[in-house]
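One is the number of the first residue; the rest follow in order along the sequence. FYI, side chains are in, hydrogens and waters are out, and symmetry mates aren't considered; it's all heavy atoms of this structure.
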Amino acid sequence: MDLGMRLAAIEERLAKLEERGSVPPTSGAGNGEGKKIDPIEFRETLAGVFDF
């Protein structure tokens, strides 16, 4: 049962990540310059998703 609960939690986290990645591209995204990733925001997002 514990394994099932863990799997459900992972699925929820994956769904959250997929929602964040499903945002349509902004104008100018096709010019070869991708969106820059803020390392601090990225770390905080991962910490929130994976609870570490």
Could you list the residues that satisfy side-chain contact (heavy atoms from CB on, under 4.5 Å) with I40, not counting sequence neighbours? D38, R43, E44
Reported CD1-to-CE distance for the pair I10 and M5, which is rounded to 0.5 angstrom: 12.5 Å
Tell me, please, which residues at least two apart from E11 pass side-chain contact (heavy atoms from CB on, under 4.5 Å). L7
